[in-house]
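Comments concern the structure below.
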Amino acid sequence: MKVIKRADFGESFSWGVSTAAYQVEGAHDVDGKGLSIWDEFVARKGKIYQGHHANIACDFYNRFPDDLELIRKLNIPNHRFSLSWSRIIPEGTGRVSRKGIDFYNRLIDQSLALNIEPWVTLYHWDLPYSLHLEGGWTNREIIGWFSNYVSVCAHHFGDRVKHWMILNEPMVFTGAGYFLGVHAPGKKGIRNFLAAVHHATLAQAEGGRVMRQLLPYAKIGTTFSCSHVEPYRQTIKDYKAATQVDALLNRTFIEPLLGMGYPTADLKILKRIEQFVKQDDEAKMMFNMDFIGIQNYTRELVKYNPFNPFIAARIVKASERNVPLKTTMNWEVYPESIYHMLKKFAAYPEVKKLIITENGAAFPDTFMDGKVEDNLRVYFMQDHIAQVLRAKKEGVNVHGYFIWTLLDNFEWAEGYLPTFGLIHVNRQTLERTIKSSGYWYRDFLSH
Ligand code: GAL
């Protein structure tokens with residue numbers, strides 16, 4: 001097989017690494033930061049693997065100058081990170097924290113000084129807790145709260161940040177946080193979920209409009225989780241089940257954004273969103289993004305299942321199947337999935353540009369003699385990057401690839417068990433050690 005080179009992607013392709021505030025920053029209650037739904041959720045019994053929390057996480061809040069040095073050392077030109085809403089506006093609305101703004105100013109300035117381009121996600125799941133007390137994403141008022149926060153960020157950071165992402169994976173934070181209750185804020189039920197979906201859809205478009213108005217030259221995008229979905233067996237029932245799961249996981253958020261409405265024809269339950277829809281919402285859900293961020297980790301196989309009240313389908317987990325390789329998350333390693341997703345999203349004529357804003361893998365690493373030789377992660381990256389190139393060569397307008405993630409960090413409900421980083425973090429000392437995958441990426445990026 002031909003070895004893939006950075007040059008195969010062309011000069012203008014953006015290579016990067018992605019992180020998220022809550023997963024790395026720590027400093028959960030210093031310098032006036034307000035409580036977020038994740039700060040509260042991790043304190044509940046039984047919610048997080050072995051009671052882990054992110055009060056300290058990777059201490060990125062204090063160690064970011066060294067971590068930026070590591071990014072530079074690895075030749076990574078772009079760093080995607082998120083802003084913590086409750087660090088900037090502690091109560092969610094109202095007073096802006098000077099210290100919160102200062103922190104992100106230092107992070108941005110230092111990045112630019114090292115020639116690292118900041119790509120900023122406005123919302124990566126850490127909603128201010130005060131807003132949760134008002135219903136959080138189930139309350140339509142969130143469109144106004146969020147727009148205000150977006151305008152504060154545009155005002156303070158827009159002179160230097162050129163690439164913005166409005167939301168991180170709305171399907172995950174609404175599904176896991178408001179339907180299954182396994183992520184913060186731990187709400188359950190179809191009603192909460194559908195309300196959250198609709199308000200996130202509206203906030204996403206409104207956030208885009210606020211940004212564009214305040215920063216007409218900025219590149220504005222948003223990011224979606226997605227997985228190639230296939231029927232488990234070649235039967236009509238499984239095929240139909242797969243169509244529904246595909247509509248849920250891959251189409252629910254992008255189609256209203258593009259003016260197509262929710263994919264109700266293929267997923268009936270979404271019709272119940274109507275109860276939350278007001279006049280003119282169809283138009284308000286739309287926004288012409290400069291790019292769409294695709295985040296892909298695996299594929300899903302789906303079986304017909306008549307017992308699920310909302311969707312006659314069941315995802316057959318990798319642990320129930322005979323898959324050659326799976327990750328610590330129990331996700332099948334299936335590089336073609338990223339290719340299929342690029343083709344799928346590129347098929348919408350309104351989508352201008354695609355960027356892989358996350359892709360990566362958690363494997364059980366071994367730290368030995370001061371090294372982590374994570375060859376599985378290296379192969380994972382090579383195979384996925386090859387699939388991105390395959391799509392690009394077939395004409396897909398893909399302009400970037402960001403690996404998830406820089407550091408072994410707090411992986412939400414799974415705590416610190418899964419390690420996704422290019423850099424190992426000692427959980428006692430927080431000492432950083434670049435893994436083989438980090439060196440591989442460095443070498444790939446320097447040719
Ligand atoms: C994404 C998420 C990240 C990270 C990653 C790995 O869904 O945006 O925060 O956790 O998955 O599971």
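Atoms within each ligand, like the ligands themselves, are counted from 1 in listed order. All heavy atoms count here, side chains included; hydrogens, waters and symmetry mates do not.
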So if I only count non-hydrogen atoms and take anything under 4.0 Å from ligand 1, which residues does that give, chain by chain?
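Lining ligand 1 at under 4.0 Å, by heavy atoms, one finds Gln23, His124, Trp125, Asn168, Glu169, Gln295, Tyr297, Trp331, Glu358, Trp404, Glu411, Trp412, Phe420.
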Taking only residues two or more places apart in sequence or in another chain, which ones pass ring-ring contact (aromatic ring centres under 6.0 Å, His included) with His163?
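So His163 forms a ring-ring contact (aromatic ring centres under 6.0 Å, His included) with Trp119.
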Looking at residues at least two apart in the chain, or sitting in another chain, which of them share a ring-ring contact (aromatic ring centres under 6.0 Å, His included) with His28?
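Not a single residue meets the ring-ring contact (aromatic ring centres under 6.0 Å, His included) criterion with His28.
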Quick one: is the NZ or CZ of [X] closer than 6.0 Å to the six-membered ring centre of [Y], and within 45° of its axis?
{"X": "Arg106", "Y": "Phe64", "answer": "no"}
{"X": "Arg299", "Y": "Tyr334", "answer": "yes"}
{"X": "Arg390", "Y": "Tyr339", "answer": "yes"}

Return each pair, listed once, that meets ring-ring contact (aromatic ring centres under 6.0 Å, His included) where at least one residue sits in residues 314-333; pairs must be two or more places apart or across chains.
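Residue pairs with at least one partner in residues 314-333: Tyr297-Trp331.
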